[in-house]
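Worksheet for the structure shown next.
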Amino acid sequence: MSDDGERSRPAAALLAHSVDLFRLTLRLFPLPFRARYAPEMEQLFRAWCHDQLRRRGPRGLVHVWRSTLADVAGAAWREHAAARAAARAERCRTDAHRAGSDGPGPRDTGDSMTSLMQDVRYAFRTLRKSPGFVAVVVLSLALGIGANSLIYSVVDGVVFRPFAYPESGRLVMLGATYPKLGGERSFVETFAPADYTDAEQQSRTLERFFAFDLGNRNLSGGDRPERVFTAFIWGDPFRTIGFRPALGRGFTAEETTGAGPRVAVLSHRVWQTRFGGDSALVGRAIQVNGEPVTVVGIMPPALLLLGADLWLPMGVQPAVIPRSARQYAIVARLRPGATLGQANAELATIAARTERSHAKEREEYAGWRLEAAPMAEALVGEFRPAAVVLLGAVALVLLIACANIASLMLARAATRQREIAVRRALGAGRLRIARQLLSESVLLALAGGALGLLVAYGLIGPTLSLFPAQITDAGVGASIDTRVVGYTFLLATLSGLVFGVAPAVQGARTDGSHWLAAEGQRHTIGGRGRRLRHALVVAELALALVLLAGAGLLGRSFARLRGIDPGFDTRNVLTMRLSLPREKYAERAVGPFFEELAVRLVALPGVRGAAASTQFAPGNGFTTRVGLEGDRGSGSEAVRTTDITNVTTGFFRALGYALKGGRDFGAQDSESSPPVVVLNETAARRFFPGQSAIGRRVRIGEEPAARWAEVVGVVGDVRNRGLDAATAPELFVPVRQQAAGFNNQLFLLVRTAGAPASALPAVRRTIATLDPDQPVYMIRSLEGAFGESISERRLAMLLLAIFAGLALALASIGVYGIMSYMVSERTHEIGIRMALGARRGDVLGMVLRQSAALAVVGLALGMAGALALSRALSSLVFGISATDPGTLAGVAVLLLGVTALAALLPARRASRVSPAEAMRAG
Amino acid sequence: MPRPTRAAAELLPLPASDFQILLALGDAERHGYGIMREVAARTDDEVQLGPGTLYGAVKRLLATGLIEESEARPDAELDDERRRYYRITTLGRQAAAAEARRMERLVAQARRKRLLGRPEPA
């Protein structure tokens with residue numbers, strides 16, 4: 001009996017590993033296929049393994065794998081081919097008039113193929129004889145190419161194709177710019193429901209519209225309540241994004257508008273983590289905010305729609321919601337044949353139509369712009385400049401590595417001249433020699449590429465962990481997929497050609513009979529070869545300088561950013577979010593709940609202050625429009641917009657905001673007392689220029705019925721939009737007087753004596769004394785939040801600094817190599833010089849002067865390059881010019897210093913040459 | 001017995017894996033693993049449809065309308081997990097029959113050329 005149990009445990013582990021491995025092999029399939037069939041294939045595979053294990057033990061598993069591997073590889077290949085053929089057919093269909101031949105047909109390449117194979121075999125044999133050389137070349141290539149594959153996979157996954165949707169290039173989001181609201185173009189939380197219906201009904205270039213709003217919902221039932229990221233939807237998102245639920249179905253039209261029963265679709269993630277992947281869940285009810293909702297579908301395993309875990313129909317007709325509710329995002333697809341340009345032209349006329357009919361009642365429509373952008377650009381377009389810079393930087397590193405290898409190959413070619421001369425004398429043509437040498441280079445490069453792929457595979461996880469959480473949480477990730485493999489292969493071949501071309505040309509020039517006739521005499525690589533190698537080192541130095549300049553500029557920008565005073569003390573503040581369910585807390589109960597919570601928290605040991613607010617710096621959150629007393633008519637006045645934040649009584653004290661005038665909120669500001677507000681200095685200056693704001697009155701919102709509130713205080717500015725943005729005007733309202741219908745989600749801010757995280761258990765317990773069912777989420781430190789606001793810059797700087805360091809190291813190896821070679825080549829000459837009376841210092845100086853000459857030429861070229869490329873950096877630098885002279889001078893000095901160090905070793909060797917020995921050896 | 005329509009005839013010859021799947025679904029709705037087992041059992045393990053081939057064929061057969069999905073339901077034999085089942089369509093039956101007849105004709109021709117003996121009396 002125990003025998004059976006003992007056998008089954010390893011069997012279960014084997015099974016689990018097998019299934020994991022199988023899941024990995026499924027990645028070979030194109031995504032749409034995977035999305036549809038992977039869950040079923042996995043089910044099949046598990047059942048099959050299970051059966052075979054039971055029937056034949058581990059041998060059965062071997063059988064399963066033997067039948068699976070080739071099968072999956074073949075099928076994946078066929079699916080890719082089919083997908084490509086379908087895409088081609090699609091292109092032909094939409095592009096009918098451009099019909100023509102697809103290029104030259106297959107050609108008979110039999111003969112050249114045979115000789116190519118010969119070349120490759122010969123290359124193998126030659127390379128096997130010099131393992132040290134091969135190791136150096138392959139390893140440095142592995143690093144260079146690996147870094148490229150890594151950055152490419154990350155950039156491709158995060159910036160260029162962050163979303164796995166089929167034909168994602170034709171998937172667009174609508175963006176709007178409202179000049180009256182002073183905003184930039186935004187894509188999420190931007191549109192009113194009526195804008196969605198307008199666009200959907202009037203557009204002829206876009207189709208398959210849907211709109212969504214994002215929020216959070218409590219998922220209860222089970223061991224603990226949980227907040228899940230929720231998308232609320234109008235329209236059919238599944239048709240638009242091209243993913244339908246892997247299990248069950250999507251939403252019906254009735255369900256979307258609230259007429260049908262309440263239903264939900266779950267993400268694969270939440271289905272796995274919370275419901276254990278139970279496929280019987282479809283059709284059953286779950287508890288959402290305490291109410292039963294029927295699960296009708298489970299999405300396939302991909303993070304979709306910004307990583308939403310719960311998909312709910314909006315449950316109300318768009319027409320019910322007023323035009324002022326600008327909180328929706330709109331997604332659509334370009335119709336076949338339509339271009340983005342056409343869509344944008346059409347959206348401009350739609351916007352103009354809305355402006356004509358609605359700008360009178362809603363000023364923000366005056367001059368508003370409506371446009372479509374590919375989803376990737378809309379959501380992660382801000383990372384594009386950094387991505388391009390990094391891709392360029394890492395390519396430069398590879399170029400430097402290639403230059404080093406070329407130099408190495410040239411040196412090797414010199415020692416192989418005899419071999420080549422013999423082959424030439426035996427009748428090998430120049431072209432054949434060149435091709436054979438090139439085969440060697442490409443073979444080396446491919447080996448380096450393969451190893452580089454492994455390097456990239458190992459580093460991809462750590463690299464992604466450097467990314468801001470908001471990116472990785474939104475379903476953006478990167479992996480070594482077929483595109484990355486293809487890119488790596490291409491890059492490896494290219495680098496092989498790049499570093500192989502000089503030695504190949506050199507080899508082809510070797511004249512067989514001439515060389516052999518002169519055999520036995522001293523031979524050197526000759527002036528042409530030396531010039532070529534000097535040119536290579538100069539190029540390395542120039543490229544390294546470009547990278548160093550970029551890293552230096554980003555580093556200084558970042559230092560400036562870090563030096564900026566946020567305006568208040570961000571240290572030791574624990575933040576978290578609480579969301580009081582509307583079903584349980586009436587609007588009027590929200591304020592008192594948080595006031596009471598703050599009081600209880602302050603009483604805790606180790607807590608210095610506590611407050612709650614609807615948002616905190618840095619963030620770009622809730623804004624409102626305000627009316628000012630004495631502002632006659634709104635026609636002539638620009639619409640005044642300000643951030644609006646509801647705060648508990650001790651907020652300014654707890655966070656350390658400086659009170660600049662008037663008074664803080666106090667216990668007297670209750671829900672029954674006259675409404676009061678506090679402004680920040682920017683708001684006070686902008687609303688009441690040249691006057692004191694204290695005692696003036698403002699009206700929050702646009703409704704004429706809104707109550708006037710008195711400005712009782714002004715607080716100092718803080719960087720409320722992040723360190724790298726100007727302070728936005730901000731208006732604070734006591735949470736107990738909160739603007740009608742406002743907010744039930746507040747952040748708790750707890751200033752602690754020690755590390756913020758250490759207070760968390762006590763804070764949780766205190767919350768439980770008020771409401772044991774209340775979950776908290778988004779727990780982090782305020783300092784961390786400020787750090788996140790500059791984390792993209794930090795990441796770009798960090799990666800660029802790593803690449804620049806790598807470049808510098810490679811370039812100095814190059815300098816060292818060429819100087820060593822020069823010294824060994826000229827030992828004889830140096831010996832003579834010393835015999836004729838040259839001193840050690842003279843010899844040392846000679847070598848150093850040579851290296852300095854190379855460095856200066858490299859610096860000049862690199863400087864020119866850095867200046868030419870400064871435009872690419874301009875959006876990434878902060879507070880300094882992209883051609884900052886101080887930085888450029890600094891990196892130039894650094895490069896000169898490192899070059900001198902690299903040349904020092906060979907120079908010292910030269911100065912120690914013993915004249916007698918050198919001349920004997922000669 | 002269904003007669004081959006034009007549509008079914010146009011699909012001939014069927015890839016071997018497609019024909020096997022149609023045969024497997026001829027008498028019952030099955031899920032993916034069910035199809036695989038039926039084929040293996042019927043051919044004494046001579047034909048082993050791997051997962052890739054199987055679902056590649058399923059995709060093709062769904063696209064040409066030779067089979068269709070029936071709803072997912074638990075399978076008592078396999079841990080009660082829910083599985084998606086497939087069933088053969090009328091067009092699928094016609095195509096399978098047409099394919100079988102095509103093979104029959106081929107076999108008859110092989111016999112006439114004496115490549116194959118007479119069928120043994122049962």
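We name chains A, B, ... by the order of the sequence lines, and we start the count at 1 in each one.
Heavy-atom pairs under 4.5 Å with chain B peak, among A:Arg78, A:Gln43, A:Glu79, at A:Gln43. The greatest number of non-hydrogen atom pairs below 4.5 Å with chain A, out of B:Arg84, B:Gln48, B:Met36, B:Arg60, is found for B:Arg84.
The two residues B:Leu22 and B:Leu14 come nearest to each other via the heavy atoms CD1-CD1, 3.7 Å.
With B:Ile35 as the fixed residue, the side-chain contact (heavy atoms from CB on, under 4.5 Å) test singles out one of B:Ile21, B:Leu23, B:Ile67: B:Ile21.
Atom OH of A:Tyr457 sits in a sparse spot, with 12 or fewer heavy atoms from other residues, nucleotides or ligands closer than 6.0 Å. Residue A:Arg59 places its CZ atom among 12 or fewer non-hydrogen atoms of other residues, nucleotides or ligands, all under 6.0 Å distant.
Looking at A:Ala246, the atoms closer than 4.5 Å to chain B (heavy atoms on both sides) all sit in the backbone: N, CA, C or O.
Between the side chains of B:Tyr86 and B:Glu29, no donor-acceptor pair is found at a separation under 3.5 Å.
In summary, A:Asp309 and A:Arg274 do not engage in a salt bridge, as defined by a charged side-chain N under 4.0 Å from a carboxylate O. The residues A:Arg23 and A:Glu42 are annotated as salt-bridged, a charged nitrogen and a carboxylate oxygen being separated by less than 4.0 angstrom.
Within residues 236-243 of chain A, no residue has any heavy atom under 4.5 Å from a heavy atom of chain B.
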